[in-house]
Every structure is written in structure tokens, then in C-alpha cells.
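Here the structure is laid out as C-alpha cells; the discussion comes afterwards.
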2 protein chains.
Amino acid sequence: MSASIEDVARAASVSVATVSRALRGLPNVAPSTRARVLAAASELRYVADPHASRLAARRSLTIGLALPMIGTWYHAKLFSGVEAVVAANGYDVLPFTMAGTGGVDRFLEDLPFRKRVDGLVVVDAPLHPDQLGRLVGAGVALVTLGLRSEQAPSITLDNRAAARLAVSHLTGLGHRRLAIIGGVPDDPFRFSAPVDRHRGYVDSLAAAGITPDPTLAVPGNFSLEGGAEAMQRLLGASDPPTAVFACSDEMAIGAMQVVRDAGLRVPRDVSMVGFDDHDVSAYLGLTTIRQDVTGQGERAARLLIGLLAPTDGATPVPVHEVHPTRLIVRHTTGPPARSADRLG
Amino acid sequence: MSASIEDVARAASVSVATVSRALRGLPNVAPSTRARVLAAASELRYVADPHASRLAARRSLTIGLALPMIGTWYHAKLFSGVEAVVAANGYDVLPFTMAGTGGVDRFLEDLPFRKRVDGLVVVDAPLHPDQLGRLVGAGVALVTLGLRSEQAPSITLDNRAAARLAVSHLTGLGHRRLAIIGGVPDDPFRFSAPVDRHRGYVDSLAAAGITPDPTLAVPGNFSLEGGAEAMQRLLGASDPPTAVFACSDEMAIGAMQVVRDAGLRVPRDVSMVGFDDHDVSAYLGLTTIRQDVTGQGERAARLLIGLLAPTDGATPVPVHEVHPTRLIVRHTTGPPARSADRLG
DNA sequence: CTAACGGATGTAAACGCTTTCATCAACAAG
DNA sequence: CTTGTTGATGAAAGCGTTTACATCCGTTAG
């Protein structure tokens with residue numbers, strides 16, 4: 001049905017070995033022969049069967065991308081970055097979503113990617129350190145994104161410092177009752193961002209001489225809905241916050257809507273700062289912490305592909321990159337209304 | 001390094017053929033034998049090498065997903081839907097992005113997916129009808145999403161009717177100067193939504209006795225930035241619209257920000273209706289046309305997998321599904337301010 | 001008791017490549 | 001003129017499965 005390497009060999013009057021070499025740009029092929037092979041291949045619209053070639057070459061030319069889910073802004077951007085450089089380097093990308101039955105544990109149990117990918121980008125580190133260690137031990141090249149691990153190169157943010165940036169901005173404006181929407185995850189080893197950001201929040205409060213009020217720290221599930229629910233709880237309290245640090249822009253957006261629905265104004269009654277710099281945030285005027293998600297994906301892919309390249313020396317030391325974040329002040333933060341009281 | 005089928009065969013004291021049969025649940029294997037093989041396989045943590053098995057079985061158990069890009073809300077949701085059902089059916093999904101060098105044409109030229117996927121979901125039909133025809137002729141199972149094609153099953157929206165829904169809502173409120181942000185694409189064969197929605201817009205104007213003003217139809221590139229730029233142009237005109245139909249929520253969001261930056265209010269000065277029902281739209285109170293993007297992705301995948309299943313009869317007639325849309329009225333639409341003038 | 005049958009199993013030939021190794025020609029050096 | 005050397009090429013052995021076909025054996029029908 002479709003041409004095989006033998007067809008090309010016949011058409012070019014050479015052996016299949018020569019076709020293979022010529023097509024892959026290997027040395028020791030006479031220029032004239034190579035030209036003839038190339039012509040024949042393109043004439044026959046020949047494309048090497050990836051399965052055959054991967055079986056023979058013992059490399060899949062595929063990198064796996066393990067993430068908790070697709071469909072959110074963050075993961076889509078990440079995917080986009082990874083995909084771009086992976087494709088540019090001639091690899092395929094194979095997404096693994098942890099959402100299905102069994103999730104992470106089944107993923108590790110069945111190792112569905114075994115023999116299927118040359119390397120793995122693990123996002124939000126849905127794996128325990130020892131699980132990661134086992135993988136690395138099994139010879140799987142991998143880089144983690146979102147959680148630092150000692151066993152493999154990683155790309156992270158300084159979440160604690162970033163949170164300090166956000167919260168200090170708020171305390172600097174005079175806020176004293178500061179809430180955080182984020183939440184402690186089930187397992188800090190798997191997704192450390194919320195706990196680190198919470199630490200930064202506490203840091204900043206301490207620096208401003210404020211004692212953290214545990215009722216002002218509510219989980220938001222990193223979703224619009226979760227942010228809205230969290231804000232509802234905050235507003236329902238006896239002494240609501242004048243400022244909120246949401247650990248994602250989506251939670252911030254959900255929360256702001258609740259604020260407005262309650263007849264309050266942002267930032268007059270409640271200041272809001274998010275995290276991510278979601279595409280829409282600029283258009284909503286949301287003050288936020290910017291991170292370059294696509295760039296992180298690109299970087300992770302590049303790192304992994306570097307790992308896959310034949311290392312002509314000792315095993316390289318794992319790289320740990322901490323990507324920058326930046327406070328973007330827009331229009332959802334301002335001094336607390338009560339500061340006027342204090343002045344008066 | 002990792003167990004092969006021979007290792008399992010040896011451990012279970014049977015031939016590799018029996019192992020293969022036992023593991024794949026084929027008939028004609030004695031229950032006791034099957035149990036023994038299963039035990040051995042799990043003991044050795046055996047997983048069949050996908051490349052070998054795909055080469056031998058001549059099917060890749062992979063479905064390709066060709067889309068213009070990842071990273072936007074729409075495509076991420078679609079991806080999410082496709083991925084879920086594809087994974088549930090034991091297939092892998094291999095994304096192909098058209099963004100890179102050459103884009104669609106190179107994609108078709110090299111047919112990079114040839115021999116690599118069993119079927120293809122083509123999103124936003126980046127292919128000409130005759131290109132699609134060639135693919136189908138070449139035996140590639142495919143379903144298109146976003147553009148109806150006669151050669152293959154398709155999943156579409158009735159974009160024209162949906163646009164009528166949106167625009168009639170606006171005319172019903174009394175608007176007479178109605179803009180549309182969407183734009184005519186380079187090639188209506190590749191992405192027909194904008195032209196169909198424009199038709200629906202014209203329909204509704206006609207029904208309301210309004211002559212379309214070509215200066216009120218501006219392209220917006222289906223992006224936040226594009227929406228903003230479009231709105232800038234509309235506002236800069238001598239007689240700006242009192243209502244805008246944006247062909248995507250993202251364009252609507254970009255446009256609304258420009259409206260507000262100009263010191264105008266939504267919906268008092270400008271009504272806005274979007275298209276998609278983006279996750280954030282509910283939180284922004286955006287009136288919009290809802291479509292179930294994830295559901296469309298799921299459906300496309302299901303259709304394709306059905307196509308792949310052994311057809312024990314004549315070639316099935318291509319299914320053309322038109323998925324529903326619905327107008328969701330929220331808070332960005334209202335009667336035009338000037339309607340008061342008319343009353344007065 | 002024999003022949004035919006059918007279920008369980010094994011043998012071995014693909015599948016379409018890559019890659020090692022051998023071969024060969026041409027040419028430089030002795 | 002031999003002997004090395006080097007670059008171009010081909011032969012063939014895998015790579016780890018699937019699957020058509022053959023074999024074996026216990027049943028059942030005649």
C-alpha cells in the first residue's frame with residue numbers, strides 16, 4: 001500500500017542499508033548515491049515506518065508529558081511550550097493524563113510509558129520522591145516541572161519569594177487583614193506550590209508585624225469555582241479581609257466576582273492579587289504575579305532533549321532552574337478603605 | 001533490562017505465541033494456562049513493547065489530533081475531551097500542531113502521521129476538501145471537527161443559527177447599530193465558522209430591517225488582543241455601535257476592556273455578546289452563546305474509534321453531527337442608551 | 001475400533017527498519 | 001607490483017511482537 005524501504009532501494013538500485021544511511025544523513029555515502037536515493041524516496045513519497053525504525057533503533061523518538069490534566073490555562077500553556085520544542089527537535093510528544101482511573105499510582109504501577117518514550121517531563125510532580133527515584137534508577141530520563149526533586153533536573157519557581165512579593169505589596173498599601181486563597185494540598189510532596197506560597201504569605205505578615213489568622217487561609221482548589229467558594233467563606237466571616245492573595249488568577253477571578261456580587265468594590269473594599277498572569281488578567285486589570293508558563297515548558301523540553309543526547313562524558317549534574325516571577329501591579333489593589341479611618 | 005515476551009514464556013513454560021494469546025485475552029487458551037501466564041507476566045512486570053507489537057499487528061493504537069495550535073482555551077478543552085475518551089479506549093493520542101514551519105501544507109506533504117496513527121481528528125479543518133479527500137482515499141480514518149466535510153464524519157455547530165441567536169437578542173433589545181468582531185478568514189474552506197457567523201449576523205440584521213454597515217464588521221483574530229484592537233477601531237469610527245457581537249468570548253473580553261478604558265460602560269453604552277461560554281465568562285457576567293467544547297472532543301474521539309473498529313458490513317455512511325448551542329443571557333447586554341432618546 | 005473433529009499449544013514466518021561486519025574498489029605508499 | 005588504508009556498499013542478523021499454519025491429543029460419532 002505504501003512504499004517501504006525496499007521499494008526505495010530497488011528504485012535507486014542500492015541496498016536497503018544504503019537507503020537507510022542516505023536518508024538519515026549518515027556519513028560514508030557517496031553524494032551521487034545519496035542524491036539518487038533522495039530522489040527515489042521523494043518520488044515514492046516514502047516515509048520510514050516509525051514503529052519499525054523505533055523497534056530496530058531502540059529509541060522511540062517520543063517524549064512523554066505527564067500532567068494531572070489538560071484543559072486548564074496553566075497546563076495548556078505548558079503543553080504548548082513543550083510541544084513546540086519537542087516537535088522542533090523531531091520528537092513526538094505523548095501526553096499522559098493522571099485524571100483517569102487509578103491516576104498516578106496506576107501510572108506508576110503499569111508504567112504505561114515504559115518502552116514507549118525516551119524521556120518524561122513530569123508536571124506538578126505527581127510522584128513521590130521515592131517513586132521518582134525509582135524511575136530515575138530504572139533509567140528513565142526525566143525532568144520535573146513545578147516541584148524540585150534531587151534526583152532529576154527540575155524547573156521551579158521561588159514560590160515563597162513570589163508570595164512575599166504579592167503579600168508585601170498588600171501590606172505596603174496598609175492592609176492588616178489579609179486572606180490567602182490557595183489551600184494546603186493533600187500531599188505537599190506532590191504539589192508544593194500552595195504550601196510554599198502560604199509560607200511566603202506568613203513571612204510577609206510577620207515582616208509587617210501581623211499575626212496570621214488561620215480563618216483567613218482558605219483552600220480554593222485552583223479553580224474559578226473554588227476561588228468563588230473561598231471568597232464566600234471569607235466574606236461570611238465576622239471580620240472579613242480587606243485584601244486577598246489568591247494563589248492563581250483563576251481563583252482571583254472567581255473571588256472577585258463574589259466580591260462584586262456582594263455589592264462590594266475592587267479594590268476599594270477588597271484588594272485582590274492573583275498569581276500566574278493569565279491571558280485575561282491584563283484585560284481584567286488584575287494585579288498579579290507573572291510567570292512565564294510557556295517558557296517553562298519550552299525549557300523543560302530543551303533540558304530533557306539535552307539529557308537524551310549522547311553524553312560523551314560523565315553523567316551530568318542535575319540542573320535546577322528557578323524561573324523568575326514578577327509583580328505586575330494593575331488595578332485590583334489599593335489602600336484599604338479603613339486606612340482613611342486610621343488617618344482621621 | 002526489562003522483560004520480554006520470551007522471558008514470560010520461559011517463566012510460564014509455554015511458547016511466546018501462547019503468552020501473546022493469553023495476555024490479549026484471545027480465545028483458545030486453557031484457563032489454567034492463562035492464569036499461569038498472567039502470573040508470570042505480572043511477576044516480571046512485563047509490558048509488551050508497543051513498537052514491536054504495532055509493527056507486527058500493523059496498527060498503531062494511536063490516534064492523531066491535528067489542530068492549529070494548543071494553548072488557547074478552545075483547543076485545550078477540545079484536547080481534553082479527545083484525550084479522555086481516547087485514553088479510556090486504550091489508544092494513545094498524538095498531537096500535531098500546525099504552527100511550525102510549513103504548517104498545514106508541510107503536514108500534508110510529509111504526511112508525518114502516515115503509518116503512525118490509525119486515525120485522525122482534524123480540528124478546524126485546516127485542510128482543503130480535496131486534501132481531505134486524498135487522505136480518505138488513502139485509507140486514513142478521520143473525523144473533522146469544526147468544518148463539515150462530505151468525505152468524512154464531522155462535528156460542527158450551526159454557526160449561522162447561533163449567530164442569529166446572539167444578534168437577534170441584541171436587535172430585540174432595540175439595538176440598531178450592531179457590530180461584529182470576527183473577521184473573514186484567509187480561506188473559508190479551512191475555517192468556516194467566522195463566515196457562517198457573519199452570515200447569521202446579516203440574517204438577523206435583515207430580519208430587523210437593518211442594512212449592514214461594512215465598517216461595523218471587523219476582524220479580531222479570535223484573540224484577546226485582536227478583540228481589543230477591533231474594538232478600538234469601532235470606537236474610533238464616527239458613529240460607533242451600541243452593541244457588539246464578538247465571535248469568541250476572548251475577543252469579547254478584550255473588547256470590553258477597551259470599552260471601559262474609553263470611559264464607557266457595559267452594557268449601558270455598549271452591549272456585548274460573546275461566543276463559546278469560556279470558563280471565565282460566567283464570572284465576568286458575559287452574555288454569550290454556549291457550546292460544549294469538551295463534549296465535542298469526546299464525541300469526535302468516540303466517532304473515530306467507532307470508525308476504527310472492525311466494520312462487519314458495508315462502509316458506514318459518514319455521520320454529520322450538528323451540536324447544539326444556546327444563548328446564555330447574563331449582564332453585558334441591555335437596551336441601548338439611545339432607546340430612551342427614541343422614546344422621548 | 002476407527003475416523004473425524006475441535007480445542008490447546010507450538011513453530012516459524014513475517015513486520016520494516018537499523019546496524020554490525022564483511023567486501024570491494026580505488027588509491028597512496030613502499 | 002605488492003600492501004595498507006580508506007571510503008562506499010551490501011549481506012544478514014537482529015529488534016520484540018503477531019499470526020497463519022501445523023501438531024497433538026482427547027472426544028465423539030459412526
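The sequence lines fix the lettering, A, B, ..., with proteins before strands; numbering per chain opens at 1.
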Rounded distance (nearest 0.5 Å) linking atom OH of A/Y74 with atom CG of A/L67: 9.5 Å

Of B/S13 and B/A52, the one whose closest DNA chain C nucleotide lies more 5': B/S13

Is B/T33 close enough to C/dA8 that one of its side-chain N or O atoms is under 4.0 Å from OP1 or OP2 there? no

Contact class for B/S20 (heavy atom, under 4.0 Å): base, sugar-phosphate, or nothing? base

May I ask you to say whether B/R116 pairs ionically with A/D49, meaning some side-chain N is under 4.0 Å from a carboxylate O? no

In whole angstroms, the gap separating P of D/dG14 from CG of B/L55 amounts to 17 Å

Checking D/dT18, D/dT9, D/dC15 against the side chain of A/R58 (C-beta onward), the nearest is D/dC15

With a 3.5 Å cut-off and just heavy-atom distances, do the side chain of B/R21 and the base of C/dG10 make a donor-acceptor pair? yes

To the nearest Å, how far apart are A/R10 CZ and D/dT9 P? 19 Å

With a 4.0 Å cut-off on heavy atoms, is B/D49 in touch with a base, just the backbone sugar-phosphate, or nothing at all? sugar-phosphate

Distance check: side-chain N/O of A/K115 vs OP1/OP2 of D/dC15, anything under 4.0 Å? no

Salt bridge A/D118-A/R54, side-chain N to carboxylate O under 4.0 Å: no

Check the side chains of A/S20 and A/R24 for a donor-acceptor pair under 3.5 angstrom, ignoring hydrogens and angles. yes

What's the CG-C1' distance between B/N28 and D/dT19, to the nearest Å? 13 Å

To the nearest Å, how far apart are A/R34 CZ and D/dG7 C1'? 13 Å

Rounding to an integer number of Å, can you tell me how far A/H51 NE2 sits from D/dG16 C1'? 14 Å

What nucleic acid atoms does B/R54 come within less than 4.0 Å of, heavy atoms only: base, sugar-phosphate, or nothing? nothing

From the candidates D/dA8, C/dC17, C/dG10, the one with an atom nearest any side-chain atom of B/T18 is C/dG10

If you check the B/A17 side chain, which of C/dA12, C/dT9, D/dG10 turns out closest? C/dA12

Atom-pair distance (CZ on A/R116; P on D/dC15), nearest Å: 21 Å

Tell me which of B/S4 and A/V14 sits closer to the 5' end of DNA chain D, going by the nucleotide each one is nearest to. A/V14

Can you tell me the distance, in whole Å, between the CG atom of A/L26 and the P atom of C/dT19? 8 Å

Drop me the distance from A/R21's CZ to A/T18's OG1, to the nearest 0.5 angstrom. 4.5 Å

Taking 4.0 Å as the cut-off, does a side-chain nitrogen or oxygen of B/S15 come that near to OP1 or OP2 on C/dG10? yes

Answer with base, sugar-phosphate or nothing: what part of the nucleic acid does A/A30 contact at a heavy-atom distance below 4.0 Å? sugar-phosphate

Quickly work out the A/I5 CD1 to C/dG16 P distance and round it to whole Å. 11 Å

CG/A/L65 to NE2/A/H75 distance, rounded to the nearest 0.5 angstrom? 9.5 Å

Go through D/dT18, C/dC17, D/dT9 for me and flag the one nearest to the B/R24 side chain. D/dT18

